[in-house]
Student: 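Following this message is one structure expressed as structure tokens.
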Amino acid sequence: MVDIIYGKAVAERIRADLGGSIDTLKEEGVTPGLATVLMSDDPASETYVSMKQRDCEEVGIESIHVEIDPDAPASELYDTIDELNDDHEVHGILVQMPVPEHVDSRRVLRAIDPTKDADGFHPENVGMLVAGHPRFKPCTPHGVQKLLDSANVDPEGKDVVIVGRSNIVGKPLANLLVQKADGGNATVTVCHSRTADLAAKTRNADVVVAACGVPELVDGSMLSDGVTVIDVGVNRVDADTDKGYELVGDVEFESAKEKASAITPVPGGVGPMTRAMLLYNTVKAAGIQEEIEVELP
Ligand SMILES: NC(=O)c1ccc[n+]([C@@H]2O[C@H](COP(=O)([O-])OP(=O)(O)OC[C@H]3O[C@@H](n4cnc5c(N)ncnc54)[C@H](OP(=O)(O)O)[C@@H]3O)[C@@H](O)[C@H]2O)c1
């Protein structure tokens, strides 16, 4: 019988536990604050940012939102980040990606104070992660690690295949799972678009994490019996629905679940975890900056 790993329920538990950490901070006179910066008129980006704001409000994190005209000069964004870096009520800063082409996205990541880097993408935080003592774990990989834990899948000694090598999912996840630490100790293979014979790799895995942005790329024929499947993908595909589309993952769920012992659904799997781990990083950032010890879930 396959175990469907409902990230939504796990995320709700984490958010509830974070409530206790937020109370601790508030008892010390500190309300954690997350600033979201949007320099885009892409509806998907607008939706992501408003979901993050709502999440903050629900758990008692102060949400500060800055919108910048996508046609404004890049300096407006850099100046905004400087101001937020100096604002003591802001503990976490998130610039919604992608930014317009005339903005240097790497400069944006470097401009954020590394102790306020709620996404965990600042080079200093990436370095700390790779070195094995992460300050902020990037939200999606951290969410995947928590999901494995919730399903009692200990990566230690397991062969994990990650399909995708992006800086926001594949690479940081590989670094997390390979660490000599709880929730790590896996043997990790990272695949990408130039991988020869992807199916041969995934068939040898105990755990497959699909994060390639290709709808239903991984199907049951590419998996071995008893595998754990984590589907990070979120893809809109045309469908005969009211909205004219439906969301599918990077895994073909129906055939994959015939092979898997545990599998995440899309939606309701990794997505809610990403959102919960952003709140986690904001609370952690507040603790670091205010030098208050907070217990984190
Ligand atoms: N649920 C969430 O919270 C969440 C968060 C972030 C992302 N996502 C979703 O996760 C997916 C991946 O996101 P991302 O930002 O990591 O994507 P990305 O930056 O586009 O990276 C995709 C990766 O997949 C690889 N790839 C593409 N086609 C492949 C193929 N046919 N075989 C093997 N590898 C292939 C690419 O290889 P190359 O490097 O060779 O190009 C690249 O490394 C997307 O569906 C995205 O929407 C979900």
Side-chain angles (χ1 to χ4, degrees), residues 5-12 14-15 36 42-45 47-52 54-55 94-99 105-106 109 118-121 126 136-148 150 160-177 188-205 208-219 221-223 229-237 245-253 256 263-281:
I5 309 171
Y6 291 105
K8 209 168 163 217
V10 183
E12 266 163 29
I14 291 175
R15 286 157 58 117
T36 49
D42 169 42
S45 291
T47 305
Y48 289 142
V49 166
S50 64
M51 287 192 315
K52 288 165 188 172
R54 204 178 58 218
D55 288 344
L94 179 145
V95 178
Q96 185 65 43
M97 296 289 170
V99 286
S105 59
R106 285 198 291 176
L109 298 183
D119 262 336
F121 296 149
V126 174
F136 300 117
K137 298 180 181 179
C139 302
T140 303
H142 194 186
V144 170
Q145 201 180 31
K146 290 275 185 197
L147 273 185
L148 290 172
S150 77
V160 177
V161 168
I162 301 171
V163 187
R165 58 174 164 185
S166 73
N167 289 337
I168 62 166
V169 188
K171 278 195 264 181
L173 180 62
N175 277 299
L176 274 182
L177 296 182
V188 181
T189 304
V190 182
C191 299
H192 44 78
S193 66
R194 314 288 170 90
T195 296
D197 202 351
L198 178 66
K201 303 278 187 272
T202 53
R203 267 187 219 120
N204 275 323
V208 172
V209 182
C212 54
V214 181
E216 301 181 325
L217 176 77
V218 176
D219 65 23
S221 73
M222 299 167 68
L223 300 168
V229 180
I230 306 289
D231 190 353
V232 178
V234 183
N235 308 287
R236 274 187 187 191
V237 295
Y245 68 85
E246 64 177 347
L247 293 181
V248 300
D250 292 346
V251 175
E252 192 186 78
F253 185 80
I263 185 167
T264 58
V266 176
V270 174
M273 295 298 293
T274 299
R275 289 166 60 183
M277 301 331 287
L278 175 65
L279 304 175
Y280 178 107
N281 278 352

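For this chain, numbers begin at 1 and follow the sequence in order. Keep in mind it's a predicted model, so treat the numbers as computed, not measured. Just so you know, ligand 1 is whichever comes first in the structure, and atom 1 is the first atom listed for that ligand.
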Student: Note the single closest protein heavy atom to atom 33 (C) of ligand 1, along with its residue, its atom name and the distance in Å.
Tutor: His192 O, 3.1 Å
Student: Measure the shortest side-chain to side-chain distance between Thr264 and Val251 over non-hydrogen atoms and say whether it is less than 4.5 angstrom.
Tutor: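 Side-chain contact under 4.5 Å: no.
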Student: Would you say Pro98 and Ser45 make side-chain contact, with heavy atoms under 4.5 Å?
Tutor: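 A side-chain contact under 4.5 Å exists here.
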Student: Does any non-hydrogen side-chain atom of Asn235 lie less than 4.5 Å from one of Asp250?
Tutor: yes
Student: Is any side-chain heavy atom of Glu252 closer than 4.5 Å to one of Leu223?
Tutor: no
Student: How about atom 20 (O) of ligand 1: does it have a protein heavy atom within less than 4.0 Å?
Tutor: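 So far as the 4.0 Å threshold goes, atom 20 (O) of ligand 1 is out of reach of every protein heavy atom.
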Student: Nearest non-hydrogen contact with atom 23 (C) of ligand 1 belongs to which option: Gly164, Pro138, Cys191?
Tutor: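 It is Gly164 whose heavy atom sits nearest to atom 23 (C) of ligand 1.
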Student: Could you work out, for atom 11 (C) of ligand 1, the closest of Ser193, Gly213, Gly170, Ala210 by heavy-atom distance?
Tutor: Gly213
Student: Test of understanding: with ring-ring contact (aromatic ring centres under 6.0 Å, His included), list the residues that count as partners of Phe121, not counting sequence neighbours.
Tutor: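 Result, ring-ring contact (aromatic ring centres under 6.0 Å, His included) vs Phe121: none returned.
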Student: Looking only at protein heavy atoms, which one is nearest to atom 47 (O) of ligand 1, and what is the separation?
Tutor: Val234 O, 3.3 Å
Student: So which of Ala44, Cys212, Gly143, Cys139 gets nearest to atom 27 (C) of ligand 1, if we judge by its closest heavy atom?
Tutor: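 It is Cys212 whose heavy atom sits nearest to atom 27 (C) of ligand 1.
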Student: Please report which non-hydrogen protein atom sits nearest to atom 5 (C) of ligand 1, along with the residue it belongs to and the distance in Å to one decimal place.
Tutor: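 Looking at atom 5 (C) of ligand 1, the protein heavy atom closest to it is Thr140 OG1, 3.3 Å.
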Student: So if I count the atoms of ligand 1 from 1 in the order they appear, which ones are less than 4.0 Å from some heavy atom of Gly271?
Tutor: 1 (N), 3 (O)
Student: As an exercise, identify every atom of ligand 1 less than 4.0 angstrom from a heavy atom of Thr274.
Tutor: 2 (C), 3 (O)
Student: For atom 1 (N) of ligand 1, what is the nearest protein heavy atom, given as residue, atom name and distance?
Tutor: Val232 O, 3.3 Å
Student: May I ask you to list the atoms of ligand 1 that are less than 4.0 angstrom from any heavy atom of Asn235?
Tutor: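 Counting from 1, the qualifying ligand atoms are 45 (O).
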Student: Is there any N or O on Ser166 that sits under 3.5 Å from an N or O of ligand 1?
Tutor: yes
Student: Give me the atom names and distance for the closest heavy-atom approach of Met222 to Val218.
Tutor: SD-CA, 3.7 Å
Student: Does any non-hydrogen side-chain atom of Ile168 lie less than 4.5 Å from one of Thr140?
Tutor: no
Student: Using a strict 4.0 Å cut-off to heavy atoms of Ile168, name the atoms of ligand 1 that fall inside it.
Tutor: 15 (O)
Student: Flag Leu217 as yes when one of its N or O atoms lies below 3.5 Å from any N or O atom of ligand 1, and as no otherwise.
Tutor: no
Student: Which atom pair, heavy atoms only, marks the closest approach of Leu176 to His142?
Tutor: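 Closest approach of Leu176 to His142: CD1-N, 3.9 Å.
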Student: For Pro265 and Phe253, work out which heavy atoms get closest and say how close.
Tutor: CA-CE1, 4.0 Å
Student: Taking the side chain as every heavy atom from C-beta outward, state whether Met277 and Ile14 have any pair of such atoms under 4.5 Å apart.
Tutor: yes
Student: Measuring from the heavy atoms of Thr195, does anything fall under 4.0 Å of ligand 1?
Tutor: no
Student: Are the side chains of Val161 and Asn204 in contact, using a 4.5 Å heavy-atom criterion?
Tutor: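 In short, these two side chains do not touch, never coming nearer than 4.5 Å.
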Student: Give the contacting part of Val214 toward ligand 1: side chain, backbone, both or neither, where contact means a heavy-atom distance below 4.0 Å.
Tutor: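 The answer is the side chain of Val214.
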Student: Just need the protein heavy atom nearest to atom 7 (C) of ligand 1, so name the residue and atom and give the distance.
Tutor: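 Scanning the protein heavy atoms, the shortest distance from atom 7 (C) of ligand 1 goes to Val169 CG2, 4.0 Å.
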Student: Would you check if Leu148 and Gln145 make a side-chain contact, meaning some heavy-atom pair closer than 4.5 Å?
Tutor: no
Student: Heavy-atom contacts with Arg165 under 4.0 Å: which atoms of ligand 1 show up? List them by number with element.
Tutor: 23 (C), 38 (P), 39 (O), 40 (O), 42 (C), 43 (O)
Student: Going by the order shown, which atoms of ligand 1 are within less than 4.0 Å of some heavy atom of Val163?
Tutor: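 Every atom of ligand 1 under 4.0 Å from some heavy atom of Val163: 33 (C), 34 (N).
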